[in-house]
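Read through the structure below, which is laid out as structure tokens, and then see the notes.
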Amino acid sequence: MFLGRKSELKQIKSLINSYKKQALMIYGKRRVGKSALIIEALKDCNCKVIYYECLITSIAENLRNLEKRVQDIFTNKYLHFESFKELFDFLGSCKEKVVVVLDEYSYLKKLAAENYVDSMFQSIIDQMHDNLSLVLLGSYVGIMKELLEKENPLFGRFSLVINLKPFDYYDASLFYNKFKLQQKIDFYSVFGGSPFVCSFIEKKYTLEKNIINLLLNPDSVLRIYLENILLAELSKLSNANLILSALSNGKKRYSDLESSIGIKTNGNLDKQLKNLSDMEIIGKVFPINKRDDKKKTFYEISDNLVRFYYLYVFKNQDIIAKIGGKTFFKEYIEPTLATFISHRFEDIVREFFSRCSRMGLEEKIQDIGTYWYDLPMEHKNGEFDCVVKRDTGYSVYEVKYYQKPLTKKEADNEFKQVKAITTDMLLDKVGFIALSGFDFTSKNYKLISAEELYDSRLE
């Protein structure tokens, strides 16, 4: 069953169903749902669909394989083409609409000298007939991004470019929509938003049981995915595992990473961080009021599952093998799991405001993130974890992963601290988001219960 991606489906269908030549590009990390998205978008398309996944063999063999797809679709085994252009010229001569999907285009791109394949497809796209649409999919994010650079032959050729991201907390919950509120938050915090990953969550089991079965079992499908697909790509990057291990343990600053993994300031770490960023494994984050301050720039692992894996599993595989997954969970994971999830809950709240803004439920939002405060006279500095910037000022939201309702006294104390810190800040409002809700109502504070994070209006 296909879930989510309503906006992307609408955009793709709108272009594909128009009788005008179109070139589309969809890229994103492995197992993020690119192939499933385009297949779903073409399901009811009144056209011939030629879907081909490129192979790391040779350009000639890929042409022969694509030729075979065309023969099958047109039930004509005598069709033969000497080049990709000849094949596309034939498709353009057809009277009906034809959509060609080339999955893993980056594999094809790797088989020739730089820009050779891109130049070939530039010519194909420029000369396509109006009955043709071409869709390029790719998992090597850095390679696919090259197609969008001005120097690349394919620059400006795409009617639509989608960088497909993992699901946010809301869409991920569609895989386990019958779960209780805290379970939804807990499962997203650990397993993240990859549709592939979410599809393996066993809904009849607890979070603990799913972690043991899917992440602590070396033969599970998710461990194989993590170690044979993700880590296989990361192994090509020097110090990738060291960097991710340091990030999972809270080393966020450049200087902390440098000292943690023992790389001197000679440009190597910059290059390695850029490579991981290009792969969308990590992201660069900064307070919304300190965008240009390099000292306040941090790095974070982008995916919850990868963060969990590097924090708990990666360096402890020998221990897990010795004592077993169940004991390992009790001794090594359970004592700190609530803290791990509480930090992810802050991410969920920021994703909530982002979703509200995109859907028009919150107006005039200019930015969402953290806010850095610095009070040298009081020797205080730090961050507000969730701040929404509007033209009227900043709204500060305190996020509470409490197992009991937030009390009026606790809220008032928090408000006093915020007011004391924000003397130089244009403060619009103060609000609270609490996992277990509140034991009071208020006209002075914006109170958001965790249930509101999953309001049906957000779908």
Side-chain angles (χ1 to χ4, degrees), residues 29-31 166 186-194 196-197 200-201 207-264 268-277 279-285 298-344 347:
K29 294 187 293 186
R30 285 179 179 272
R31 307 298 191 185
D186 293 351
F187 271 82
Y188 178 71
S189 298
V190 171
F191 288 97
S194 162
F196 172 78
V197 171
F200 286 98
I201 291 173
L207 178 65
E208 174 183 345
K209 185 73 170 174
N210 271 282
I211 289 173
I212 292 170
N213 289 353
L214 295 174
L215 300 179
L216 303 185
N217 174 8
D219 300 318
S220 74
V221 65
L222 293 192
R223 276 288 291 276
I224 292 170
Y225 156 70
L226 281 165
E227 295 170 358
N228 292 357
I229 296 180
L230 176 64
L231 296 190
E233 292 183 24
L234 292 178
S235 65
K236 302 170 187 176
L237 306 178
S238 61
N239 295 310
N241 288 326
L242 288 173
I243 292 170
L244 293 172
S245 293
L247 287 171
S248 70
N249 281 286
K251 307 294 185 182
K252 295 184 176 184
R253 297 175 186 270
Y254 186 96
S255 57
D256 292 337
L257 290 170
E258 199 172 39
S259 59
S260 178
I261 63 180
I263 298 177
K264 294 181 179 179
N268 284 342
L269 182 57
D270 280 316
K271 181 179 180 180
Q272 289 152 9
L273 290 171
K274 183 181 184 304
N275 287 336
L276 287 169
S277 181
M279 292 175 68
E280 298 186 352
I281 300 296
I282 68 170
K284 187 184 290 188
V285 295
F298 307 101
Y299 295 89
E300 289 186 347
I301 296 175
S302 302
D303 183 84
N304 288 347
L305 179 65
V306 174
R307 184 186 287 111
F308 183 93
Y309 174 81
Y310 273 95
L311 178 61
Y312 291 111
V313 182
F314 178 70
K315 288 186 176 180
N316 295 314
Q317 294 181 53
D318 59 327
I319 298 175
I320 297 170
K322 290 175 186 175
I323 67 176
K326 188 173 182 179
T327 303
F328 182 84
F329 180 90
K330 293 294 184 185
E331 296 297 323
Y332 288 85
I333 298 177
E334 191 172 54
T336 57
L337 186 57
T339 300
F340 178 87
I341 293 173
S342 70
H343 292 305
R344 308 289 73 77
D347 296 333

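Being a predicted model, the structure only gives us computed values, none of them experimental.
- Between S277 and Y299, the side chains place no donor N or O within less than 3.5 Å of an acceptor N or O (distance only, hydrogens not considered).
- Ring geometry, Y332 versus F328: the interplanar angle falls under 30°, so the pair is classed parallel (tilted spans 30 to 60°).
- With sequence neighbours excluded, no residue forms a salt bridge (Lys or Arg N to Asp or Glu O under 4.0 Å) with R253.
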Worked verdict on N241 versus Y310 for side chain to side chain contact (heavy atoms under 4.5 Å, CB included): CA-CA 8 Å; N241 288 326; Y310 273 95; 2.6 Å; yes
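- Using modelled atom types, no side-chain atom of E227 and backbone atom of I224 make a donor-acceptor pair closer than 3.5 Å.
- Atoms NZ and CG, from K271 and N275 in turn, are 6.5 Å apart once rounded to the nearest 0.5 Å.
- If you take OG on S302 and CD on E280, they are separated by 7.5 Å, rounding to the nearest 0.5 Å.
- Proximity of a side-chain donor or acceptor of S245 to a complementary backbone N or O of L242 within less than 3.5 Å is not detected.
- Legend: residues meeting salt bridge (Lys or Arg N to Asp or Glu O under 4.0 Å) with D347, ordered by chain and number and at least two apart, are R344, R350.
- The backbone N or O of T339 lies less than 3.5 Å from no partner atom in the side chain of T336, so there is not a single donor-acceptor pair.
- No donor-acceptor distance shorter than 3.5 angstrom exists from the side chain of D303 to the backbone of G192, with no hydrogens or angles considered.
- Residue pairs meeting the ring pair (Phe, Tyr, Trp, His ring centres under 6.0 Å) criterion with at least one member in residues 217-237, sequence neighbours excluded: F196-Y225.
- For the atom pair CD (Q317) and CZ (R223), the distance works out to 4.5 Å, reported to the nearest 0.5 Å.
- Of the possible polar contacts, none joining the D256 side chain to the K252 backbone as a donor-acceptor pair under 3.5 Å is found.
- Using a 4.5 Å heavy-atom cutoff, the side chains of F191 and N304 are not in contact.
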